[in-house]
*Asks:* 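Dropping the structure in here first, questions after.
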Amino acid sequence: MGSRAPGDGTVVMRTRMAGELRPSDEGTRVELCGWIASRRDHGGIVFLDLRDASGVVQVVVDPSVAGLEAGHRVRNEWVVRVVGDVRARPDGTVNPELTTGEIEVATEELQVLNEAEPPPFPVDERVEADEVLRLRYRYVDLRRDRMQRNLRLRATVNRAIRGAMDEQGFSEVETPLLIASTPEGARDFVVPSRLQPGSFYALPQSPQLFKQLLMVGGFDRYYQLARCMRDEDLRADRQFEFTQLDAEMSFADGDDVIGVITEAVAAAAEAVTGEAPAPFGRLTWHEAMERYGSDKPDTRFGMELVDLGEVFAATEFRAFQQDAVKGIRVEGAGSGVGAGDAVMSRSQLDALTDRAKKLGAAGLVWMRVGEHGAIDSPVAKFLSEAEQLALVDATGAEPGDLLLLVAGERMLVNRVLGTLRLDLGRPPVTEGGLQFLWVVDFPLFEALDDHGRPIPAHHPFTMPHADDVSLLDSATGEDLLKVRAQAYDLVLNGWELGSGSVRIHRRDVQERIFTLLGISTEDAQARFGFLLDAFRYGAPPHAGFAVGIDRLTAILAGEENIREVIAFPKTQSGLDPLTGAPGPIDPAQLDELGLQIAPRAKTPEPKTP
RNA sequence: GGUCCUGUGGUGCAGUUUGGAGUGCACGCCGCCCUGUCAAGGCGGAGGCCGCGGGUUCAAAUCCCGUCAGGACCGCCA
């Protein structure tokens, strides 16, 4: 129960929480504290809704009673303390909309703890407030149900994750925030050193190197809810600062890591939804690209990519004489038979074609499927009857469907169709349940740079796939891109939740990778020599992972944007409307740090005609 | 760096396409009335740099250019 005695000499301001009162409390004297959520002043009687962290209860005040005159004066968001008795509401005045709607508090004492100006936007959520206003007055916004719900949900996620990791024998270890620049690919946030003028710390993009050092240090199983900072442009799913469940384990392979992380993430989902999530799927990277055209497939809906190579193997149509021809089937979006809201107009199809071209495709072929496999398309005349029939057969198209086809280099075709698939079929965040998916066997290198050197897809400490190690020595050029890594991603409803890998723990293998990447021995030594050194002193085989907590929480909360699950986020241009950060600093501070601000290159004046 | 969308009393919108008086709706705010409301109700009232700057025009919230802020996305985030 909420009733407490002071004990330590402090004054207890309240005995109960507003939202927890029930008919069983009838007759109880309660002391409540909170904000006025709403007032309904009838003159001789005033109804106040008192809101605290637990919810709302109706408080009834008779302002004609001596000492209760403030009943007329109080306004929304004033902070008050109420003493009174819980009583059943009179017949016909029960409010089934409120969990406390069967009772009310008959006020005997009304104390104004603090007056308040009218809030810049209503705390009640009937109308959506402008986001910059919400951020500027975040402390008001935080009173609203949505933020209360989301941040408490986030706390539930953190609690469940810590519980699951603890149970699996992981120890939470903190790592430094002021570090040397780490080899992640993002731009560092940088902190000037006062004691070493001209030198800089970097804020961690992740605790990557430290967790590997913890493995060398014999911690065996480490995790941390780690703040990470990356100075890259912001998006709906990206903030400068974000939080990861960061984990690393020794004497373990990729499947061990997948098992552990599955356990923790499923525990978080279950803590929020009340039921265990569906079993996590698993696809190879190659399969994900071929079937969904993405390395983070949204498997809440079908519309999979169909390989039409066989169908057009001997085609006369030049546009389809390519590395790959693939298509997607958009149900009911064709003309005629199945005509309805889903049907796409000619101008919509033109827009789709533009979209495909912007994504790099040479073009987009659309086909409307009619009765008996009849095909209506600008290119129908170039296709044989047999090809048309085989096409309908291969895609499983029904009358009224629309087919979208792209031909060209295979991975380009996959990416273009994968994007169109999302444009046309992706459900809102609140629909389709939770589709967790492991994507495994990522390639070790994602591309070749201008000098023909491979660019690591994950990071340079990623262990190559055991079966592909020999390729590392023999392969050159494009063939290097076939080398698979022991790297894996966790995907939820088309969002990349996180990634991990088995790490290289042997110095000789690591040096071979550096050589391939064109990182010289001196360069490697300068950037992360301490890690290479550590590997000389008995590094265990180890593997790890990191899960984006902001993204996981957003999806569990049914939010499209991670700002909704962050107490004090920044806008897309990296500003905090509440504190005004970032701002200039005192010249004396600059001086102390040995820094000077270079004059910014002015943008050229607009040309006068 | 780029593309698209948005900016109108404290709040949320309409008005911009087709230039013609700051016009309108809802909420909030202030005052008065009101003893069973819960989006309380009734009467009255206050509140505007139409983001900012420039241009076109007899006339600009409206058209043009620039700029600032916000959002979505591309680039970027190995």
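Every chain is numbered from 1 and lettered A, B, ... according to where its sequence line falls, protein lines coming before strand lines. Bear in mind the structure is a predicted one, so any value in this text is a computation, not a measurement.
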*Asks:* How far does the C1' atom of B:rG12 sit from the matching atom of B:rA39, given to the nearest Å?
*Replies:* 14 Å

*Asks:* Do other residues, nucleotides or ligands put more than 12 heavy atoms under 6.0 Å from the CZ atom of A:Arg22?
*Replies:* yes

*Asks:* For atom P, what is the distance between B:rU8 and B:rG71, given to the nearest Å?
*Replies:* 15 Å

*Asks:* What pairs of nitrogen or oxygen atoms, one from the protein and one from nucleotides 69-73 of chain B, lie under 3.5 Å apart?
*Replies:*
from	atom 1	to	atom 2	distance (Å)
B:rG70	OP1	A:Thr571	OG1	2.8
B:rG70	OP1	A:Ser573	OG	3.1
B:rG70	OP2	A:Ser573	OG	2.6
B:rG71	OP1	A:Gln572	N	3.0
B:rG71	OP2	A:Gln572	N	2.7
B:rG71	O3'	A:Arg563	NH2	3.1
B:rA72	OP1	A:Asn561	ND2	2.5
B:rA72	OP1	A:Arg563	NH2	3.1
B:rA72	OP2	A:Gln572	NE2	2.6
B:rA72	N7	A:Gln572	OE1	3.2
B:rC73	OP2	A:Ala236	N	3.3

*Asks:* Have a look at A:Glu446 and say if it touches a base, only the backbone sugar-phosphate, or nothing, with a 4.0 Å heavy-atom cut-off.
*Replies:* sugar-phosphate

*Asks:* When the P atoms of B:rG45 and B:rG22 are considered, how many whole Å apart are they?
*Replies:* 22 Å

*Asks:* Could you tell me whether the side chains of A:Arg421 and A:Thr419 share a donor-acceptor contact shorter than 3.5 Å?
*Replies:* no

*Asks:* Could you work out the separation of B:rG48 and B:rG2 based on their C1' atoms and round it to a whole Å?
*Replies:* 36 Å

*Asks:* Give the nucleotide from the list B:rU35, B:rC38, B:rC30 with an atom nearest to the side chain of A:Thr93.
*Replies:* B:rC38

*Asks:* If we take the C1' atom in both B:rG41 and B:rC5, what is their distance in whole Å?
*Replies:* 41 Å

*Asks:* Is A:His42 stacked on the base of B:rA40, meaning ring centres closer than 5.5 Å and planes within 30 degrees of each other?
*Replies:* yes

*Asks:* Ignoring hydrogens and angles, tell me if any N or O in the side chain of A:Thr100 forms a donor-acceptor pair with the backbone of A:Val56 under 3.5 Å.
*Replies:* yes

*Asks:* Parallel, tilted or perpendicular, judged at 30° and 60°: which one describes the rings of A:Trp285 and A:Phe442?
*Replies:* tilted

*Asks:* What are the residues of residues 58-91 of chain A, sorted by number, that bring a heavy atom to within less than 4.0 Å of RNA chain B?
*Replies:* A:Gln58, A:Arg75, A:Arg87, A:Arg89, A:Pro90

*Asks:* Give a yes/no verdict on base stacking between B:rU11 and A:Phe121: centres under 5.5 Å, planes within less than 30° of parallel.
*Replies:* no

*Asks:* Quote, to the nearest angstrom, the C1' distance that separates B:rC74 from B:rU67.
*Replies:* 23 Å

